[in-house]
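Shown next, in structure tokens, is the structure this report addresses.
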Amino acid sequence: MSFSADVKEELCKRETKRRHCQLAELSALTAFLGESDEEDILRLDTENVHVAKRAYLLIKQLFHISAKIVTRDMIKGEHTRSYEVVFPSADDSMRALMAVNLLKDGVKNVDIKGICDPSLIKNDCCRRSFLAGAFVSAGSMSDPEKSYHFEIVCDTIDKAAQLKEILGSFSVDAGITERKNRFVVYVKEANDIVDLLNLMGAHISLMNMENVRILKDMRNRVNRRVNCETANLTKTVDAAVRQTADIKLLAETGVLSGLSPSLREAAALRLENPEASLKELGAMCDPPVSRAGMNHRLARLSKIAEEHGAVRE
């Protein structure tokens with residue numbers, strides 16, 4: 001099962017006891033999944049069995065009625081199922097729509113799949129429940145092992161704008177983009193996605209994501225260190241090879257024997273210890289010299305070799 005599916009399952013199993021939060025969540029399910037047939041019977045259509053069970057439970061808790069879950073097999077790339085949560089009657093549907101302020105005095109005042117009535121999400125707790133309902137209905141998340149991406153697909157720009165505003169009220173930076181005549185509200189910053197999981201109540205998924213982030217950070221640090229050490233080692237080896245070639249040139253041309261004792265000592269130590277670092281070579285000198293001192297001596301040898309025809313790439 002994908003990380004996104006795990007988050008949805010966790011959200012669908014969380015406890016929400018306050019009626020106003022339940023109504024906010026149901027309003028999201030209605031806005032993203034709702035359809036009303038010719039008999040004015042409300043149906044919530046989803047391909048996720050956990051979402052169907054969640055909708056059934058909310059309806060049961062809010063209105064003390066038992067909706068019907070209709071299962072349908074369908075073909076969409078691979079064999080899958082869809083689930084319809086159907087209200088028992090038009091009267092029951094009307095009660096639900098009035099509760100989420102989509103009906104007033106028996107007359108529809110807004111589209112069933114329109115924006116949420118602001119009075120239902122005036123409290124932080126209700127906005128959190130609404131976000132959870134919106135995500136399980138029309139959202140998805142990428143696997144944090146691969147990338148960080150959270151999105152909710154909306155039918156209209158007004159619905160997307162409302163979602164963006166709700167996210168902004170929690171200081172979550174969201175963007176909106178159009179995709180195939182729909183509007184996608186997305187979040188790409190890992191810290192914002194972690195905050196969102198916490199806001200919606202997906203605490204287990206949050207910890208799993210944080211564990212992935214910690215492991216990724218550790219791997220990145222190790223890789224950076226290894227790359228740095230490899231680069232330094234390559235640089236040291238290249239320098240040693242060049243220095244050895246320069247010293248051999250000076251010896252073959254007879255120049256080396258006429259140099260100062262300190263330069264001859266540095267030359268001999270480099271030839272005898274081609275893999276040693278500057279610090280190690282300096283410690284072998286009599287008396288010992290610093291890394292900078294050894295670097296100066298070898299640089300001086302290379303300069304003299306260049307003056308006597310050493311070829312540089």
Side-chain angles (χ1 to χ4, degrees), residues 1-19 21-37 41-63 65-88 92-93 96-97 99-100 102 112-116 120-121 126-143 150-155 159-160 163 166 182 184-185 193 196-197 199-206 208:
M1 193 159 60
S2 69
F3 184 79
S4 185
D6 288 340
V7 175
K8 291 186 178 184
E9 181 176 353
E10 182 181 0
L11 290 175
C12 287
K13 292 181 178 179
R14 77 193 194 289
E15 285 192 29
T16 308
K17 295 182 178 180
R18 289 172 291 196
R19 179 178 174 82
C21 292
Q22 293 172 343
L23 285 172
E25 185 175 353
L26 182 63
S27 72
L29 297 179
T30 303
F32 286 94
L33 305 175
E35 295 287 350
S36 184
D37 62 18
I41 293 178
L42 181 62
R43 302 169 182 268
L44 305 179
D45 190 7
T46 178
E47 294 179 18
N48 189 312
V49 65
H50 299 293
V51 177
K53 291 178 179 178
R54 180 70 176 184
Y56 177 91
L57 180 63
L58 284 173
I59 294 167
K60 184 78 171 178
Q61 291 174 332
L62 285 167
F63 310 114
I65 57 176
S66 296
K68 181 170 61 174
I69 299 181
V70 179
T71 303
R72 289 196 174 90
D73 291 331
M74 61 182 190
I75 302 296
K76 185 185 283 187
E78 59 182 22
H79 194 72
T80 60
R81 285 182 173 179
S82 69
Y83 306 88
E84 270 192 345
V85 182
V86 186
F87 279 76
D92 291 322
S93 301
L97 293 174
V100 295
L102 291 178
I112 287 178
K113 305 194 78 169
I115 65 172
C116 177
L120 292 175
I121 50 174
C126 296
R127 288 198 295 275
R128 292 190 183 100
S129 292
F130 181 85
L131 287 173
F135 178 74
V136 300
S137 299
S140 64
M141 278 186 66
S142 61
D143 186 337
F150 172 103
E151 70 175 39
I152 297 175
V153 181
C154 304
D155 297 322
K159 193 185 295 184
L163 259 180
I166 294 171
R182 295 195 171 190
V184 181
V185 181
I193 295 174
L196 262 174
L197 291 175
L199 287 168
M200 294 188 300
H203 303 301
I204 295 175
S205 297
L206 184 157
N208 290 338

Item to complete: Carefully, step by step, assess Asn208 and Asp6 under the rule side-chain contact (heavy atoms from CB on, under 4.5 Å).
Response: CA-CA 10 Å; Asn208 290 338; Asp6 288 340; over 6 Å; no

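- Atom CG in Leu196 sits 10.5 Å away from atom CG in Leu206 (nearest 0.5 Å).
- Among all heavy-atom pairs drawn from Leu131 and Met200, the shortest one is O-SD, 3.8 Å.
- Here Leu120 contributes atom CG and Ser27 contributes atom OG; the two are 5.5 Å apart, rounded to the nearest 0.5 Å.
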Discussion item. Using side-chain contact (heavy atoms from CB on, under 4.5 Å), reason through Ser137 and Thr46 one step at a time and then give a plain yes or no.
Written reply: CA-CA 7 Å; Ser137 299; Thr46 178; over 6 Å; no

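- The line from CG of Leu199 to CD1 of Ile193 is 12.5 Å long, rounded to the nearest 0.5 Å.
- One distance of note links CD of Glu9 with OG of Ser205; it measures 9.5 Å at 0.5 Å rounding.
- Scanning both residues, Ile65 and Ile59, for their nearest heavy atoms gives CG1-CG2, 3.6 Å.
- Between atom CG of residue Leu97 and atom CG of residue Leu42 there is a gap of 5.0 Å, rounded to the nearest 0.5 Å.
- Contact check for Lys60 versus Ser66: side-chain heavy atoms found under the 4.5 Å cut-off.
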Fill in: Stepwise side-chain contact (heavy atoms from CB on, under 4.5 Å) check, Leu33 with Asp45
CA-CA 5 Å; Leu33 305 175; Asp45 190 7; 5.5 Å; no

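- Considering CZ of Phe130 and CG of Leu29, their distance stands at 9.5 Å, rounded to 0.5 Å.
- Taking each heavy atom of Gly133 and Ala28 in turn, the nearest pair found is C-CB, 3.7 Å.
- Both tests pass for Lys159 against the ring of Phe32: distance under 6.0 Å to the centre and angle within 45° of the axis.
- Checked by atom type and distance alone, the side chain of Arg43 never pairs as donor or acceptor with a backbone atom of Val86 at under 3.5 Å.
- Ring planes of Phe135 and Phe150: parallel class, angle under 30° (limits at 30 and 60°).
- The minimum heavy-atom distance between His203 and Glu10, with the atom names listed, is N-OE2, 2.9 Å.
- Among all heavy-atom pairs drawn from Leu163 and Cys154, the shortest one is CD1-SG, 3.6 Å.
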Practice prompt. Please test Glu84 against Arg72 for side-chain contact (heavy atoms from CB on, under 4.5 Å), starting from the C-alpha separation and ending with a verdict.
Written response: CA-CA 8 Å; Glu84 270 192 345; Arg72 289 196 174 90; 2.9 Å; yes

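- Of all the heavy atoms in Ser4 and Ser140, the pair that sits closest is OG-CA, 3.3 Å.
- Between Thr16 and Arg128, the side chains place no donor N or O within less than 3.5 Å of an acceptor N or O (distance only, hydrogens not considered).
- Counting heavy atoms of neighbouring residues, nucleotides and ligands inside a 6.0 Å radius, atom CZ of Arg18 does not exceed 12 of them.
- Under a 3.5 Å cut-off, the side chain of Arg54 and the backbone N or O of Lys13 do not form any donor-acceptor pair.
- Using modelled atom types, no side-chain atom of Gln22 and backbone atom of Gln61 make a donor-acceptor pair closer than 3.5 Å.
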